[in-house]
Amino acid sequence: MDGEKMQKKVEELERQIAELPMGYISKKKIHGKDRFYHQWTEDGKVRSKYLREGEKEPLEEQILKRRNLQAQLKELKVALPQSKQKSPKRKQELPPFECNVTVGTELLALSQDVDGWEKRDCYSQLEDYLYHGERTRICLVYGLRRTGKTTMLRQAVADMAKEDQLKSAYIKVRRSDTMAMVNRDMRKLFDAGYKYVFLDEVTLMKDFIDSAALFSDVFATMGMKLVLSGTDSLGFWLAMDEELYDRAKLIHTTFIPYREYSRLLGFDSMDEYIRYGGTLRAGEIRFEDRELNAEDASFRDDETTRRYIDTAICKNIQHSLACYEDGHHFRHLYTLYEAGELTSAINRIIEDMNHRFLLKVLTQDFVSHDLRLSASNLRKERDLEKRTDVLDTIDTEAVTRCLMNILDIRNQEEQFIGITEAHIAEIKEYLAALDLIIDCPIETATAGTHPMEHILFTQPGMRYCQAQALVYSLLKDETFFSLSEYEKKMVTERILEEVRGRMMEDIVLLETMKAAGQNCRVFKLQFAAGEFDMVVYDTEENCCDIYEIKHSEKAIPNQYRHLTDEEKCRQTERRFGNIRGRYVLYRGEDAETEAGVIYQNVENYLKSLSEGISVSNVIDEQQTIPTM
C-alpha cells in the first residue's frame, strides 16, 4: 500500500472511530444489585449515563469495535512513510502534557536519593503487583500522611531494570488537575509505549472517586501497570466500595508495627515508640539521623499532634466525602460540615477517646496497689537522685479524687453540643477505615456476656502526646497547684508512667492481634476482680496462653499473681481450654520463675512477630532462658 492509500485509510478509520461511542462501562452495586453505566469524557468533564436492561451488550460491542479500530489506526500511522515511532527515552520527544508528568532522566534523578533507604514491610506487595500481578487490576497505596507512600513509589522506580525505567512515568497530581486531563496524558503515555505509571496524590482530584474506574477498566486492560497513592486515603476506601470494586490491589501503610519502626529508624526503645510511633516524618528524610528524628517527629508536642490530626485526618475525611457523589454521602455529618464544625467534631471525638483512656488509667492503675508498689520501689531505688518517699507523704486518695474531678469537669465543659450518637458512630467508622483505630473487645470470664468495646490507636505517638498534654493541664488547676513543686512533678511523672504502661498493653494487644493466624483469637480477659492483660486462644487446638504486660525492667512475683490465681485459671480453662503457658512481657531480660511463669523482653517479643504466624511459636522458638 503506497503512502497516498495509507493516508486515505487513516482518514477512513478516523471517521469510523468518531461515529462510535467513546468511554467505558462501569458497574456499581446499589442495594445489592449490579447497575451499569456508560462513562466518557466530554469537554473536559466526565459524563455518565445509566444503562437500562438490554443496552449494555450492544454498547460493549461498539466500544470494543472502537478500540479495535484505534489499534489499527495506531499501527497504520506508525507504518506511514513520514511517521517515525517515538522513543519514550526523552520527555521532549513526547507531546506536551497537561499534568505534572516526569519521565526519563528526570524520573531517575527523582528516585536517586532514595537508593539504599530501608523499605517498608509492605514494599514486597508493590513489587509483586508490578511484575506478577493481574493485568486487569491497578494498585492502590494508601494510608495517613507521613507513612512512606511517596517514598515507596520512588523506591519502586529506583529498583527497576533499566529497560523498565525507560517505560515508566511519574505523575504528581495537583488540585487543579482533573480526570479528563489525566486521561489525555495517560493516552499520550500509552501511545508512546509506556507501561508503568505512578500517580501520586491522585485523591487531590475532585472527580477521582466518582470516575476512578477509568484506570482499571481502560488503561489496566490495555496492559499498563498503574500504581496510585493519595493523602486522602478515605477516598480510596470509598472508591473501592463503588468504582474500583474488586479491581484493585490494596497496600495499607498507616499501621507501622514496632518491629518495622525499630528496623527503619534503628532503635530498640519501647518508650521512644510510645512517644513518636505512628509516622515516618523524620525517617522519610534521613533514616539514620536520631537527632532529626526527635526534633522533626509528627508527635513532638501537643501543637504538632493537633496539626497532624487536622491535616492528616480531619481534612482527609472532609475532602473525600465532599468529592464523593458530589458530597451526597455525608449522611448525618452534613449539618456539621455545612456549619464548618466537622473538623472540630472529629478532633473532639478523638480527644474524648483519649480522655476516657486516661480516666481508665487513673481508676484502674493510679489508685491501685501499683501506687504503693511504686512508693516501695522509690524508697529503695539505688539511684540516689531518683530515691524518694514523696509517694508516702501525699494523700493519694485526695490527689486521685482531685485529678478525676478535673478530668470530669473538663469533659463536661466539652460536651458534644449538637453531636449525636449517629455522628460519633459515623466518625468512628471513618477513623476505622483510615486504619487509625481498631476495636479489640474485652472478654469477661462469665460465659454468655457481651464483650466490651476497647478502642486501640494504631499511632501510639498521637495518643501519648494528647494524654501528656492533658496531664500537664492539671498543673494549672488551683487545687493541684497547692502541692509542692516536687510533689506535683512526682505525681505527674507517676501518671505518665502509668499511661506508658497502659499504652504498652494496647500496643502488644494490637500487634499480637494483627500477627495472629486465622485460628487464634487475641483479647483482654476481665474477671470480677482483676484481669489477664492478654489471652491468645487457639481455636483449633482449644488451648490458650495467658499474659501480664508490665512497663517495668524489674521482675517482681507480685506482677504475675493473677496468672497463678487458681480460680481465675479455672474460669479461663472453662471457656478457652487448657492453659498452655503463662508469660510476663516486660522491659527486662528473659527469664523463667520457679512457678513456671516465663518473663520475656517485650521489645524482642514484638520484633519476633510477623503476620499470619501462630503466636505461641514466638515463645517456642526462643532459646533456653535462665531461671530466676
Side-chain angles (χ1 to χ4, degrees), residues 10 13-26 37-49 62-64 66-78 83 85-104 106-107 138 153 166-230 235 239 243-244 247 323:
V10 166
L13 286 174
E14 288 177 339
R15 184 189 63 78
Q16 292 180 38
I17 289 170
E19 292 175 352
L20 292 168
M22 64 178 69
Y24 55 96
I25 295 174
S26 67
Y37 295 83
H38 177 206
Q39 291 191 292
W40 71 99
T41 302
E42 185 177 334
D43 298 328
K45 294 184 178 181
V46 177
R47 309 292 185 182
S48 181
K49 180 184 176 183
Q62 291 179 307
I63 291 176
L64 180 60
R66 180 187 174 97
R67 290 176 182 171
N68 290 335
L69 292 176
Q70 286 174 325
Q72 293 179 37
L73 179 62
K74 179 183 174 183
E75 291 179 3
L76 198 57
K77 282 185 174 181
V78 170
S83 299
Q85 189 171 5
K86 296 180 180 181
S87 170
K89 291 185 180 181
R90 295 178 60 84
K91 182 177 177 180
Q92 56 266 33
E93 296 177 2
L94 290 164
F97 293 110
E98 299 177 61
C99 301
N100 184 11
V101 181
T102 304
V103 295
E106 293 181 16
L107 178 58
I138 63 174
L153 268 57
L166 295 175
K167 299 176 186 176
S168 300
Y170 175 83
I171 301 177
K172 184 74 170 181
V173 177
R174 301 162 295 198
R175 293 188 185 278
S176 57
D177 293 338
T178 64
M179 286 293 285
M181 295 165 61
V182 171
N183 176 51
R184 288 191 286 270
D185 283 350
M186 291 284 293
R187 290 191 178 278
K188 294 172 187 175
L189 290 168
F190 175 77
D191 290 341
Y194 283 81
K195 180 180 179 181
Y196 304 97
V197 181
F198 300 86
L199 297 103
D200 200 8
E201 300 294 358
V202 69
T203 52
L204 289 178
M205 291 187 291
K206 291 183 179 179
D207 54 351
F208 165 71
I209 300 174
D210 290 335
S211 50
L214 169 73
F215 296 110
S216 59
D217 293 0
V218 178
F219 295 107
T221 56
M222 291 161 64
M224 298 182 83
K225 291 283 189 174
L226 307 179
V227 181
L228 281 59
S229 77
E243 288 283 308
L244 296 175
R247 284 170 284 182
C323 293

Q: Can you name the nearest heavy-atom pair linking Val103 to Ala169, along with the distance?
A: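 Scanning both residues, the minimum pair turns out to be CG1-CB, 3.5 Å.
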
Q: For the backbone of Met179 and the side chain of Asp207, can you confirm whether one donor and one acceptor N or O come within less than 3.5 Å of each other?
A: yes

Q: Would the number of heavy atoms belonging to other residues, nucleotides or ligands and lying under 6.0 Å from NZ of Lys172 be above 12?
A: yes

Q: Answer whether the closest heavy-atom distance between the side chains of Val218 and Arg187 falls below 4.5 Å.
A: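 Yes, their side chains come closer than 4.5 Å.
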
Q: Calculate, to the nearest 0.5 Å, the distance between atoms CE and CG belonging to Met186 and Asp191 respectively.
A: 11.5 Å

Q: Measure the spacing between CG of Leu189 and CZ of Phe219 and express it to the nearest 0.5 Å.
A: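 Between atom CG of Leu189 and atom CZ of Phe219 there are 9.0 Å.
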
Q: Is a side-chain N or O of Lys188 found less than 3.5 angstrom from the main chain of Pro96, in a donor-acceptor match?
A: yes

Q: Give the intermediate values and the outcome of side chain to side chain contact (heavy atoms under 4.5 Å, CB included) for residues Phe208 and Val182.
A: CA-CA 10 Å; Phe208 165 71; Val182 171; over 6 Å; no

Q: Can you tell me how far the CG atom of Leu69 sits from the CG atom of Leu64, to the nearest 0.5 Å?
A: 9.5 Å

Q: For the atom pair OH (Tyr196) and CG (Leu226), what is the distance rounded to the nearest 0.5 Å?
A: 11.5 Å

Q: Starting at OG of Ser176, measure out to CE of Met205 and round the result to the nearest 0.5 Å.
A: 11.0 Å

Q: Would you give the length of the straight line joining atom OG1 of Thr221 to atom CZ of Arg67, rounded to the nearest 0.5 angstrom?
A: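 Those atoms lie 5.0 Å apart.
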
Q: Under a 3.5 Å distance rule, please check whether Arg66 uses its side chain to pair with a backbone N or O of Leu20 as donor and acceptor.
A: yes

Q: Can you name the closest pair of heavy atoms from Leu107 and Thr102 and give their distance?
A: N-CG2, 3.4 Å

Q: Please name all residues satisfying side chain to side chain donor-acceptor pair (under 3.5 Å) with Ser229, sequence neighbours left out, ordered by chain then number.
A: Asp200

Q: Which atom pair, heavy atoms only, marks the closest approach of Lys195 to Gly223?
A: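 Shortest heavy-atom contact: CG-O, 4.0 Å.
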
Q: Nearest heavy-atom pair of Gly23 and His38: which atoms, and what distance?
A: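 Closest pair (atom of Gly23, atom of His38, distance): CA-NE2, 4.5 Å.
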
Q: Does a side-chain heavy-atom distance below 4.5 Å link Val197 with Ile171?
A: yes

Q: Could you report the tightest heavy-atom contact between Thr203 and Gly230, atom names first, then the distance?
A: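 Looking at all heavy atoms of both residues, the closest pair is OG1-CA, 3.6 Å.
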
